[in-house]
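Heavy-atom basis, side chains included; hydrogens, waters and symmetry copies ignored. Counting starts at 1 for both ligands and their atoms, in listed order.
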Amino acid sequence: MLVVHKYGGTSVGDLDRIENVANRVAKAREAGDNIVVVVSAMSGETNKLIGYADHFTSTPAKKEMDMLLSSGERVTAALLSIALQSKGFDAVAMSGRQAGIVTDNAHTYARIESIDPTAMNSAIEAGNIVVVAGFQGINKDGSVTTLGRGGSDLSAVALAGALGADQCEIYSDVDGIYTTDPRIEPNAKKLETISYDEMLELSSLGAKVLQNRSVELAKKLKVKLYAKSSFSDDIGTLITEESENMEEVLVAGVVLDKNQARVTLRGVSDRPGIAAEIFTKLANENINVDMIIQNMGTDGSTNLGFTVPQSEHENAKELMATFDHDIEGMDFDEHVCKVSVVGVGMKSHSGVAATAFTVLADANINIQMISTSEIKVSMVIDEKYGELAIRALHEAYELDK
Ligand code: ASP
Ligand code: MG
């Protein structure tokens, strides 16, 4: 079997931890697997390097930043390879370039365009464990590029795809994906399996475990992903294609998003083009709009509501003020949150939304906005009740069982 392992910053946070990773990789190798390891920089290292540049200017050239930041991952790759060699294993460390990773020119946020796995394949055939520095590639001019924060996950998934690996194991200090945040609900259970789409919807739960772009890529390339801990032998959570037995489980998880602010526009002119104008204005300022609700118009006007990230709340307020001819009144509330119920089972079962509304009703929580997708029901409520709602929903869908 060919397996890609990826170890995050905490897992390689100091020399003892690198040694621990070397032992784990060695064990998998001894069991007969071919292994490509992708590593992050030691925890805190990337931020430290950013701080160094900041000493000179707050606007360093992105090309130099890539030169600087890519070094963190190279240090770990070299050290892990040295550690493996010291234990008698054949290992070779590679930079992104040596691993054949070519990206576009978007320095500090590059996209992988192609991977030529020839060098990695020859090294594997020669019996080596290949250790690749994550988070980086080169562009067509040969300059080093990096893939955006958390980008080592993306490197790992992309390499697994290019190598046709049997699976990609992402190691961190968390042993998998849970039905909800265990800090909110101590009875949260670790999931054995979850679909790519559910994982993407639960991203705020998984954010610290898996980078979103990497899950999207895994879905596209059909890479079997495991979220595992480098500090335990737990099998972790498998993130994979949707299967029929996943649909038997109604709800996979419930998630709280505190970073929401609500905007309600009253008496909006009910004419073609008004929504386009409002949301283009927000888009031009790069404000990410999440939920949008519009009523049927009556007497030439309508009501329109939407949510934005809390940090954009003031910005959105200013932008909406420019529509004073078309909008009678506005109401903003930054003390809201979004609770979502996620599960592919909703596709084939009814009543999931009704249960959620009933649970909130029984807890006397008012629902301000509702939106749904094929596998998700989201509700905007008062921020004060967010955690209470999560616990009540978790219990109602028997996620603790
Ligand atoms: N070292 C990079 C970061 O801190 C990439 C990664 O760890 O995945 O964002
Ligand atoms: Mg990470």
Q) At a 4.0 Å threshold, what atoms of ligand 1 neighbour a non-hydrogen atom of R149? A) 3 (C), 4 (O), 9 (O)
Q. Is there a donor in the side chain of Y397 and an acceptor in the side chain of D400, or the other way round, less than 3.5 Å apart?
A. no
(Q) Donor-acceptor pair, distance only, cut-off 3.5 Å: does the side chain of T180 make one with the backbone of V254? (A) yes
Q. Does the pair E169/K224 count as a salt bridge with the N-to-O cut at 4.0 Å?
A. no
Q) If you draw the axis of the six-membered ring of Y385, does the NZ or CZ of R391 fall within 45° of it and under 6.0 Å from the ring centre? A) no
Q. Going by distance only, is there an N or O of D153 that falls short of 3.5 Å from an N or O of ligand 1?
A. no
Q.
With the threshold set at under 4.0 angstrom, would you say G134 reaches ligand 1 through any of its heavy atoms?
A. no
Q. Is the shortest side-chain N to carboxylate O distance from R262 to D333 below 4.0 Å?
A. yes
Q) Within the structure, does S40 bring an N/O atom to less than 3.5 angstrom of an N/O atom in ligand 1? A) yes
(Q) Please confirm whether E73 approaches ligand 1 to less than 4.0 Å, judged on its heavy atoms. (A) yes
Q) Judging by distance only, is a nitrogen or oxygen of G150 under 3.5 angstrom from one on ligand 1? A) yes
